[in-house]
Amino acid sequence: AQSVSQHNHHVILSEAASLELGCNYSYGGTVNLFWYVQYPGQHLQLLLKYFSGDPLVKGIKGFEAEFIKSKFSFNLRKPSVQWSDTAEYFCAAANTNAGKSTFGDGTTLTVKP
Amino acid sequence: EAGVVQSPRYKIIEKKQPVAFWCNPISGHNTLYWYLQNLGQGPELLIRYENEEAVDDSQLPKDRFSAERLKGVDSTLKIQPAELGDSAVYLCASSLGDGTDTQYFGPGTRLTVL
């Protein structure tokens, strides 16, 4: 069965620190990959996505992610976090053959001012 | 553009009572999803509709859960009877394309079963 693993359950950083959140998926075929973010009190929203083309994708608010097919990974990065980045981050993988998406369990990011 | 609308936002019921949640997707979005989200976990798909057809309901506990999307627009998810373990957030999402496309989420309904 398709699965998505997020390595870190809770990450605590100080402002200006660099961020990398891990995401691995299990499906070996063609996938669409997503990072969603849920800010406190708000609903889930798209941060960035990869469907095809350049494996380094850029999203909103300075976030980027790199698709590494050989590692089944889609890690999220940001060079310098801000207090306003405090949120929960979910990685999702969509199996294009089965037409369905699977979400990871999320990583809670706390940025200390 | 209006987002995905869900109601109610919060619901508290006693076990064995029925409960229903309503979702109105973004206009023009053919695919609608119902997810269950427990604390500390990611959304888990309950059912996915493409227009009015339920194309993936393999994770829907059909003994107590039911859903409908009669005209291919808004949708209702029902639980009857509710159990203590059903306490969770129920999310609705929609997408323009199929289940591999970007999903737009509603605010969710937080259900508490006492």
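Chain naming here is simple, since letters A, B, ... match the order of the sequence lines and numbering starts at 1 in each. All figures in this text were calculated on a predicted structure; none of them were measured in a lab.
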>> Could you check whether R69(B) pairs with D74(B) (Lys NZ or Arg NE/NH1/NH2 to Asp/Glu carboxylate O, under 4.0 Å)?
In response: no

> Contact part of Y35(B) toward chain A, heavy-atom cut-off under 4.5 Å: side chain, backbone, both or neither?
Replying inline: side chain

> What part of L44(A) is in contact with chain B, defined as an atom under 4.5 angstrom from a non-hydrogen atom: side chain, backbone, both or neither?
Replying inline: both

>> Check for me, please, whether V19(B) and L77(B) land in the same ILVMFWY cluster - side-chain distances under 4.5 Å, paths through other members count.
In response: yes

> Atom CG of L109(A) and atom NE2 of H10(A): how far apart are they, to the nearest 0.5 Å?
Replying inline: 7.5 Å

>> At a heavy-atom distance under 4.5 Å, which candidate from E44(B), Q37(B), Q103(B) has the highest pair count against chain A?
In response: Q103(B)

>> Just checking F90(A) against F34(A), ring centres under 6.0 Å apart?
In response: no

> Who wins among G40(B), G108(B), A93(B), P43(B) for the most heavy-atom pairs under 4.5 Å with chain A?
Replying inline: P43(B)

> Relative to chain A, which segment of D101(B) carries a heavy atom at a distance below 4.5 Å: side chain, backbone, both, or neither?
Replying inline: both

> Centre of F51(A)'s six-membered ring, under 6.0 Å away, within 45 degrees of the axis: is that where NZ or CZ of K49(A) sits?
Replying inline: yes

